[in-house]
Amino acid sequence: MPDYTLYTYFRSSCSGRMRITFNLKNIEYESSYINLLKGEQSSDAHRALNPSGTVPLLICHKDSDLRIGQSNAAIEYLDEKHPEVPLLPTDIKLRAIARALADIVANDIQPVTNLRILKRLRAINANAEEWSIELIKDGLHAYEETAKSVAGKYSVGNDVTIADINLMPAVWGAERFNISLDPYPTVKKIAGNLSEHPAFQKAHPFVQPDCPEELRAKS
């Protein structure tokens, strides 16, 4: 049995972050699939494991079945537990910038465009798609302005960091809404480079075992 179990959903951007991290560090894990569209994340069984009723959920079997229900906390746990292929720069200033970039996605984009929010918007007859597009664009603009002075091949220099792990699933989400990256040239360059990285290719939503066949065909 692998040391880790990941409760995941193919289109969850936060789950995507975890898949990328496992791939980068070449860590074996077992997946347990939670269908968000069927509401499985809100079941009593899942909430008993993760009171937030969300994915991803990381269970660390060798640490007394430690449960971590927030993706960036889980990423930093894995980075400290498996320091090979570090995900944060050694320089303290660049480390702060990498975390800030990750937080632009994790705090400013993802929470306000996730399924729980979109359902509530639709319930009051608001246009959930327009809401998502506007907020994703705001977040990408902030990422662009923050990253452009420190980016190299990737978001912070030429090594993949926690910033990139957060960015690429957000880019996949932007593609879902046909949002062009042309206004964000730094983001576009970074995303192009990340799209060629095997760890990111393997984590793409459309190649996951729980991805519906009709979407898998688009990959």
Side-chain angles (χ1 to χ4, degrees), residues 2 4-23 29-59 67-75 102 104-140 165-181 191 194-195 199-219:
Y4 301 101
T5 297
L6 179 68
Y7 287 74
T8 180
Y9 178 63
F10 80 102
R11 219 167 201 169
S12 157
S13 62
C14 299
S15 297
R17 298 171 198 164
M18 296 305 304
R19 295 193 300 265
I20 293 165
T21 300
F22 278 120
N23 294 342
Y29 68 100
E30 183 176 45
S31 294
S32 182
Y33 300 106
I34 302 295
N35 192 316
L36 301 189
L37 296 183
K38 292 182 179 179
E40 293 174 356
Q41 71 278 17
S42 299
S43 68
D44 290 343
H46 187 69
R47 283 191 178 275
L49 296 172
N50 184 4
S52 295
T54 58
V55 294
L57 168 67
L58 177 66
I59 299 185
R67 300 194 298 263
I68 308 174
Q70 295 293 329
S71 61
N72 280 338
I75 289 166
I104 288 172
V105 177
N107 297 340
D108 296 344
I109 298 178
Q110 191 277 331
V112 290
T113 58
N114 70 17
L115 184 61
R116 288 193 294 185
I117 298 299
L118 300 185
K119 282 183 174 180
R120 285 165 170 78
L121 289 168
R122 292 178 183 124
I124 59 173
N125 296 317
N127 190 317
E129 285 67 32
E130 286 185 4
W131 165 281
S132 294
I133 289 169
E134 182 177 338
L135 290 168
I136 291 170
K137 286 181 175 180
D138 286 349
L140 290 175
I165 292 170
N166 277 258
L167 175 63
M168 201 59 188
V171 169
W172 295 332
E175 291 172 349
R176 185 178 180 184
F177 291 102
N178 296 313
I179 295 173
S180 172
L181 296 183
L194 292 172
S195 69
F200 290 78
Q201 293 174 342
K202 187 178 176 183
H204 194 283
F206 292 173
V207 299
Q208 301 314 306
D210 60 327
C211 176
E213 198 60 42
E214 63 271 18
L215 292 178
R216 189 186 305 278
K218 296 180 180 181
S219 64

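Bear in mind the structure is a predicted one, so any value in this text is a computation, not a measurement.
Rounding to the nearest 0.5 Å places CG of L135 at 11.0 Å from CG of L140. In this structure, the separation between CD1 on I59 and CG on L6 is 9.5 Å, given to the nearest 0.5 Å. In this structure, CG in L115 is found 10.0 Å from OG in S12, a value given to the nearest 0.5 Å. The distance from atom CG of L121 to atom CD of E130, rounded to the nearest 0.5 Å, is 11.5 Å. The line from CD1 of I124 to NZ of K119 is 15.5 Å long, rounded to the nearest 0.5 Å. Separation of atoms CD1 (I165) and CE (M18) is listed at 9.0 Å; rounding is to 0.5 Å.
Using cut-offs of 30° and 60° for the angle between ring planes, the F22 and Y4 rings count as tilted.
In this structure, the side chains of T8 and Q208 stay at 4.5 Å or more apart for every pair of heavy atoms. Annotation: side chain of N72 is in contact with side chain of N166 (closest heavy-atom distance under 4.5 Å). Between R47 and S42, the closest side-chain pair of non-hydrogen atoms falls below 4.5 Å. Using a 4.5 Å heavy-atom cutoff, the side chains of I68 and L57 are not in contact. Side chains of P56 and R19 form no contact here, defined as non-hydrogen atoms less than 4.5 Å apart. The side-chain heavy atoms of Y7 and S32, taken from C-beta on, include a pair separated by under 4.5 Å. In this structure, F200 and N23 have side chains that are not in contact, with every pair of non-hydrogen atoms separated by 4.5 Å or more. Within the 4.5 Å cutoff, side-chain heavy atoms of N35 are placed close to those of Y9.
Here the shortest heavy-atom pairing between L118 and S132 reads CD2-OG, 3.2 Å. Nearest heavy-atom pair across P209 and Y33 is CG-OH, 3.2 Å. Here the shortest heavy-atom pairing between R11 and P205 reads CA-CB, 4.4 Å. In terms of heavy-atom proximity, C211 sits nearest to L215 at SG-CB, 3.6 Å. Here the shortest heavy-atom pairing between I75 and R17 reads CD1-CB, 3.8 Å. Across all their heavy atoms, A191 and L181 have their closest contact at CB-CD1, 4.1 Å.
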- Between I34 and Q41, does a side chain to side chain contact (heavy atoms under 4.5 Å, CB included) hold up when you go through it step by step? CA-CA 6 Å; I34 302 295; Q41 71 278 17; 4.0 Å; yes
- Starting from the C-alpha separation in whole Å, work towards a yes-or-no answer on side chain to side chain contact (heavy atoms under 4.5 Å, CB included) for Q70 and S52. CA-CA 9 Å; Q70 295 293 329; S52 295; 4.3 Å; yes
- Task: Go through the steps to decide whether V207 and H204 satisfy the test side chain to side chain contact (heavy atoms under 4.5 Å, CB included), and finish with yes or no.
- Result: CA-CA 6 Å; V207 299; H204 194 283; 4.2 Å; yes
- Task: Go through the steps to decide whether V55 and L36 satisfy the test side chain to side chain contact (heavy atoms under 4.5 Å, CB included), and finish with yes or no.
- Result: CA-CA 9 Å; V55 294; L36 301 189; 3.9 Å; yes
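Look at E129 and R176 and you find no salt bridge, because none of the NZ, NE, NH1 or NH2 atoms lies under 4.0 Å from a carboxylate O. Taking a cutoff of 4.0 Å between a charged side-chain nitrogen and a carboxylate oxygen, E134 and K137 do not qualify as a salt bridge.
Within the structure, the ring pair (Phe, Tyr, Trp, His ring centres under 6.0 Å) test picks out no pair touching residues 121-140 (sequence neighbours left out).
Side-chain polar atoms of N50 and R67 form no donor-acceptor pair below 3.5 angstrom.
Between the side chain of D210 and the backbone N or O of F10, at least one donor-acceptor pair lies under 3.5 Å.
Scanning for side chain to side chain donor-acceptor pair (under 3.5 Å) contacts around T113 gives an empty result, with sequence neighbours left out.
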